[in-house]
Amino acid sequence: MAVFVCRSAFLGFAVLLSVLAGSANAQLSPSFYSKSCPKLAGIVRSGMASAVQKEKRMGASILRLFFHDCFVNGCDGSILLDDTSSLTGEKNAGPNKNSARGFEVIDAIKTQVEASCKATVSCADILALAARDGVNLLGGPTWNVPLGRKDSRTASQSAANSNLPGPTSSLATLISMFGNKNLSPQDMTALSGAHTVGRSQCQFFRTRIYNERNVNASFAALRKQTCPLSGGDGNLAPFDVHTADGFDNAYYQNLVARRGLLHSDQELFNGGSQDALVRTYSNTPTRFSTDFVTAMVKMGNLLPSSGTRTEIRINCRKPN
């Protein structure tokens, strides 16, 4: 979307940033851009407010982008890279193809950020801030986002295919995959609460509503209205049957009532180790908010390995 016609004017500076950034991962801090880009938070907030006003679902879509970025070699903006003849990106990996969305929103925000402070703010940091603002604009909590991430110059479709949990994941698989990222079962259960907003395609919950037994009958009947036994794979249904675009604790109330949309959702409340925590979140929204923020910051601290070549990308869709 964004074409940066002035790229050549500061390409040398960007290359220098790339060399410096690739040497090590600095400690993240909420005040990282306080002097170099003081208007950053306001620019991102304004961009997200516009996007969410246009389509509430976008808040959930940006949050999902951040999760899918961080789980693949750290929060490095790699999910934003387009495929090229020499780079196979993550956008067409199984968990992202025809479902990851919101790239144009990040492009638009990046354009505004570049106009305010050129070659200063990483796409990864913009995505982290945008995810926070999307949650808050939908009625959820806000928090101080640690900043100072750098953008990877490459991506990994294979890592996206193997590192992201799927809609049919078991509780054991979820705990293991989050554990591989140093996220605890509590972190996993809190982060899963992101499904209090957003939509899923029929193809990902069809088996649950037609074949599984631990599903509320009236809920299954409702979902069958837009998800036939065959066809309609791309038809959408909200994760949260009550407040589809409101960030609250209704997701957990749905789980207790056997109204989890995905198999992986209901696994959190199915006679296993997370049942008690799900009940707590369903009854205590403040506890959910607190734990969600803690887990989001923890997930946001996932960074690429020290040997990864990084930079401040001028265009989020391609390396400099």
Side-chain angles (χ1 to χ4, degrees), residues 1-51 58 62-63 65-67 69-70 73-82 102-137 142-155 296-297 299-304 308-320:
M1 175 179 173
V3 178
F4 298 94
V5 295
C6 296
R7 178 174 180 267
S8 59
F10 49 88
L11 180 59
F13 178 53
V15 170
L16 175 60
L17 281 176
S18 174
V19 173
L20 293 175
S23 60
N25 286 314
Q27 185 71 31
L28 303 182
S29 167
S31 62
F32 188 84
Y33 298 107
S34 59
K35 293 182 179 179
S36 61
C37 196
K39 297 181 180 179
L40 173 62
I43 293 171
V44 177
R45 178 76 178 195
S46 177
M48 281 303 297
S50 177
M58 192 54 69
I62 296 298
L63 177 57
L65 278 188
F66 182 57
F67 168 69
D69 184 37
C70 292
N73 299 327
C75 311
D76 60 356
S78 57
I79 194 172
L80 305 174
L81 289 168
D82 285 341
F103 300 107
E104 71 287 348
V105 173
I106 301 302
D107 289 339
I109 294 173
K110 176 65 168 173
T111 298
Q112 295 300 313
V113 171
E114 286 296 311
S116 181
C117 36
K118 292 182 178 181
T120 301
V121 182
S122 67
C123 299
D125 276 343
I126 289 173
L127 182 56
L129 287 168
R132 184 272 310 271
D133 288 341
V135 168
N136 185 237
L137 287 161
T142 190
W143 59 93
N144 291 322
V145 178
L147 300 168
R149 299 169 188 80
K150 300 299 185 291
D151 299 320
S152 173
R153 289 180 51 80
T154 188
M296 281 293 288
V297 172
M299 183 177 74
N301 285 336
L302 296 172
L303 298 174
T308 303
R309 292 180 63 204
T310 57
E311 63 187 4
I312 304 296
R313 253 184 259 143
I314 308 307
N315 181 336
C316 292
R317 293 178 178 266
K318 60 183 182 180
N320 294 332

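Counting from 1, the numbers follow the sequence of the chain as shown.
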Colleague: Any side-chain heavy atom of L80 within less than 4.5 Å of one from R313?
Modeller: yes

Colleague: Give a yes or no answer on whether the side chain of E114 reaches the backbone of A119 with a donor-acceptor pair at less than 3.5 Å.
Modeller: yes

Colleague: Measuring from C123:SG to D107:CG, what's the distance to the nearest 0.5 Å?
Modeller: 8.5 Å

Colleague: Within this structure, what is the OG1-CG distance for the pair T142 and L137, rounded to the nearest 0.5 Å?
Modeller: 9.0 Å

Colleague: Report the residues that fulfil side chain to side chain donor-acceptor pair (under 3.5 Å) with S34, sequence neighbours left out, ordered by chain and then residue number.
Modeller: none

Colleague: Just to verify, what does D151 make a side chain to side chain donor-acceptor pair (under 3.5 Å) with, not counting sequence neighbours?
Modeller: none

Colleague: Scan for salt bridge (charged side-chain N to carboxylate O under 4.0 Å, His left out) pairs involving residues 121-136, sequence neighbours excluded, and state none if there are none.
Modeller: R45-D133, D125-R149

Colleague: Evaluate N136 against W143 for side chain to side chain contact (heavy atoms under 4.5 Å, CB included), listing each step before the verdict.
Modeller: CA-CA 9 Å; N136 185 237; W143 59 93; over 6 Å; no

Colleague: Which residues satisfy the side chain to side chain donor-acceptor pair (under 3.5 Å) test with S31, sequence neighbours excluded?
Modeller: S29

Colleague: Could you check whether any side-chain heavy atom of L65 comes within less than 4.5 Å of a side-chain heavy atom of F103, counting everything from C-beta outward?
Modeller: yes

Colleague: If you take all heavy atoms of L28 and P146, which pair is closest and at what distance?
Modeller: CB-CB, 3.7 Å

Colleague: What residues form a side-chain contact (heavy atoms from CB on, under 4.5 Å) with D82, not counting sequence neighbours?
Modeller: K91, R317

Colleague: With salt bridge (charged side-chain N to carboxylate O under 4.0 Å, His left out) as the rule and sequence neighbours excluded, what pairs involving residues 30-42 come up?
Modeller: none

